[in-house]
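Everything below concerns the one structure shown next.
It should be emphasised that the depicted structure is a prediction, and the values quoted were computed from it without experimental measurement.
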Amino acid sequence: MKLRKTALVMLIALVAAFGLYAQGVNESTAAISATVANASPKYVFMFIGDGMSSPQTNSAQVYNGTNVSGKVELEKLTFTQFPYVGIQYTQDSTSFAPDSASTATSLSSGYKTHSGVIGMGVDRVTAGETIAEKVKEQLGWKVGIISSVTLNHATPAAYYAHIASRNDYYDIGLQMAQSGFDYFAGGSLNQAENGDKSLYQVMEEAGYLVTNDRDTILSLNADSGKVYAVSPRLQDDGAMPYSIDMEEDDLTLADFVRKGIDVLYNETGFFLMCEGGKIDWAGHANDAVANINDTLALDEAVEVALEFAFQHPDETLIIVTGDHETGGMTIGYAATGYNTAFDIMKNQTMSYVAFDEAIAAEKEAGTFTFERLMEMGEEAFGLTAPGTQNAVEALVMNEYEYARLQKAYEDDATGNTDGYEESLLYGGYNPISITLTHILNNKAGIGWTSYAHTGLPVPVYAYGEGAESFIGAYDNTEVAKKLFALCDVE
Ligand SMILES: [Zn+2]
């Protein structure tokens, strides 16, 4: 009886507490709704880290933090300090491990579609309108699209193109020229010569100044007209180099955002989307250091937008999110248990792509041996053979890791890369470079579960006018719908 009474009292207390809690929630929800209803941003920045979720952002924070026992600390990114944070679910109509075409379509346009489809619904026919198209047509805003990868790749294309297959690069490029958007910048174009005319010529005929000259790009301004600024230095695949491989003079994402503001700034408004596209590519290749450095480059680009926001308070909204996670990256690895040693990753001096190129050059010169590989591995990743004297202990390979590298060397030499085991080990990448990044990453305490995308939800960071709208957990289509409402477009 006594027990029952106590239980009753506790229940009453709980109900009362919940009542207060619920009242508090209702009040703060009402306050946020009122703020959001009155918000009217006219300068909107949308940053998308392709393949960037919490593991990627936090790895970047750990990488620059301290790993000393008793003083383990993060070095925060700029955008993770934004006051409003939400989380979006990324599944598309095909899968819980979606692709960039469908997820970017959801982010830009507010509806679901199949993997591989850009700017069209699940019927692969019905085209929707993107936030960029809406603000341009309905509000007369200027629009800019930046990507570190090619500009007719899935994510940037999802802001201006409507096409059933992301692989129809030439047709996507034609739609880019027809978009009438004011500023394109970053990588070049995939399959630019696959039609009657070069896509660059098509862009010029549509009134764009197309330039890859550094000085010309750096002198662009509001009077430059419609511009396509191509990075003066590109990789063979048309993308900007990985941030870790960049040289002093190379233009960064931050440079292209700065120039974007110069070109787009006007009294009416602008929308600027900037994609860190190679975070995803490094995720596919399980190269944590390339991944982290490109996340840091995206953060630097966000800083430029934030400086603008400080100068234009009450008018600027900045959103930073990803389209999906790539690689099944995580902090923690089976063999390292509760230990992390992220500081050893500072020994990596180049991306897997640059290392692949170095291997190719050695092969070309006929000087590629396992001994030579060990020298190169130490130079590029800091890793040394078992038993090496006077080496950083954390970077000395154990016998298991050394045997893995020997197998990778042999598999690369014999072309034994097609079996089930090899697909698990190498995922279609160069057996040697992927084994070296795996060894270094695992020693540091980073695990990878995939060479593809995963279904991990993705954070949304928001700053500025209307930013409150982005708190909560919601579907990725809501990101576009929230923008439509805030910008007051239909
Ligand atoms: Zn991807």
Side-chain angles (χ1 to χ4, degrees), residues 47 49-50 52 56 59-60 63-64 75 77-78 146-151 153 156 183-190 200 210-220 227-262 274-285 287-304 345-362 364-365 375-382 429-430 433 436-437 440:
F47 289 91
D50 202 307
M52 184 182 82
Q56 286 73 22
S59 293
Y63 180 76
N64 275 347
E75 172 77 32
L77 298 177
T78 295
I146 302 168
S147 177
S148 58
V149 302
T150 45
L151 267 295
H153 213 263
Y183 177 74
F184 290 99
S188 61
L189 295 170
N190 280 84
Y200 303 107
V210 180
T211 177
N212 65 350
D213 179 69
R214 190 172 187 277
D215 293 337
T216 307
I217 292 171
L218 290 177
S219 61
L220 291 172
V227 180
Y228 176 19
V230 183
S231 169
R233 192 159 80 94
L234 296 168
Q235 305 276 229
D236 293 344
D237 51 25
M240 288 163 61
Y242 275 110
S243 187
I244 189 177
D245 297 329
M246 279 197 180
E247 290 160 14
E248 192 75 7
D249 274 1
D250 285 331
L251 294 177
T252 63
L253 272 187
D255 291 326
F256 285 122
V257 169
R258 201 170 286 117
K259 271 299 131 190
I261 293 169
D262 290 346
C274 172
E275 184 205 21
K278 295 184 82 168
I279 299 168
D280 173 69
W281 294 11
H284 282 286
D287 181 342
V289 175
N291 189 287
I292 285 167
N293 277 278
D294 268 47
T295 301
L296 294 170
L298 184 71
D299 195 48
E300 279 168 26
V302 174
E303 270 174 50
V304 175
M345 293 204 299
K346 291 271 162 74
N347 288 280
Q348 185 174 331
T349 55
M350 61 179 78
S351 72
Y352 69 100
V353 171
F355 195 75
D356 287 350
E357 284 168 5
I359 290 175
E362 293 282 339
E364 180 90 19
E375 289 168 12
M376 294 166 69
E378 182 169 1
E379 224 172 272
F381 299 92
Y429 289 88
N430 180 299
S433 52
L436 283 165
T437 56
L440 182 69

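- Side-chain contact between Tyr63 and Glu75: absent, with no pair of heavy atoms (C-beta onward) separated by less than 4.5 Å.
- Just one residue in the list Asp250, Asp213, Asp249 forms a salt bridge (charged side-chain N to carboxylate O under 4.0 Å, His left out) with Arg233, and that residue is Asp250.
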* Asked: Are Trp281 and Tyr352 close enough, and set up right, to give a side chain to side chain contact (heavy atoms under 4.5 Å, CB included), and what steps lead you there?
  -> CA-CA 11 Å; Trp281 294 11; Tyr352 69 100; 4.3 Å; yes
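- None of Val227, Val230, Leu251 except one satisfies the side-chain contact (heavy atoms from CB on, under 4.5 Å) rule with Ile217; the exception is Leu251.
- A side-chain contact (heavy atoms from CB on, under 4.5 Å) with His153 is found for exactly one of Asp237, Asn190, Asp50, namely Asn190.
- Residues Thr437 and Phe381 are in side-chain contact: their nearest non-hydrogen atoms beyond the backbone lie under 4.5 Å apart.
- Taking the six-membered ring where tryptophan is involved, the planes of Tyr228 and Tyr200 are essentially parallel, since the angle between them stays under 30° and well short of 60°.
- With hydrogens and angles ignored, the 3.5 Å screen pairs a side-chain donor or acceptor of Ser148 with a backbone N or O of Gly277.
- Minimum heavy-atom separation, Tyr242 to Ala290: CD2-CB, 4.0 Å.
- With values rounded to the nearest 0.5 angstrom, Ile279 atom CD1 is found 10.5 Å from Asn293 atom CG.
- Closest approach of Leu77 and Ala60 over heavy atoms only: CD2-CB, 4.2 Å.
- One side chain, Ser351 or Asp245, offers a donor N or O that lies under 3.5 Å from an acceptor on the other.
- In this structure, the separation between CG on Asn347 and CD on Glu379 is 12.5 Å, given to the nearest 0.5 Å.
- If you take CD1 on Ile244 and CG on Asp287, they are separated by 7.0 Å, rounding to the nearest 0.5 Å.
- For the side-chain contact (heavy atoms from CB on, under 4.5 Å) test with Glu275, the passing option among Ile146, Val149, Leu253 is Val149; the others fail.
- Between Ala229 and Phe256, the shortest heavy-atom contact is O-CE2, 4.0 Å.
- A distance of 9.5 Å separates CZ of Phe47 from CG of Asp299, quoted to the nearest 0.5 Å.
- A donor-acceptor pair under 3.5 Å is absent between the side-chain atoms of Asp262 and the main chain of Lys259, judged by distance alone.
- Judged by distance alone, the side chain of Glu375 and the main-chain N or O of Gly377 form no donor-acceptor pair under 3.5 Å.
- When all heavy atoms are compared, the tightest approach of Gly187 to Leu151 is O-CD2, 3.3 Å.
- Here Arg258 contributes atom CZ and Glu303 contributes atom CD; the two are 9.5 Å apart, rounded to the nearest 0.5 Å.
- In terms of heavy-atom proximity, Ser147 sits nearest to Met240 at O-SD, 4.0 Å.
- Remark: Asn291 CG to Leu296 CG distance equals 10.0 Å, nearest 0.5 Å.
- Closest approach of Val257 to Cys274, counting heavy atoms only: CG2-SG, 3.9 Å.
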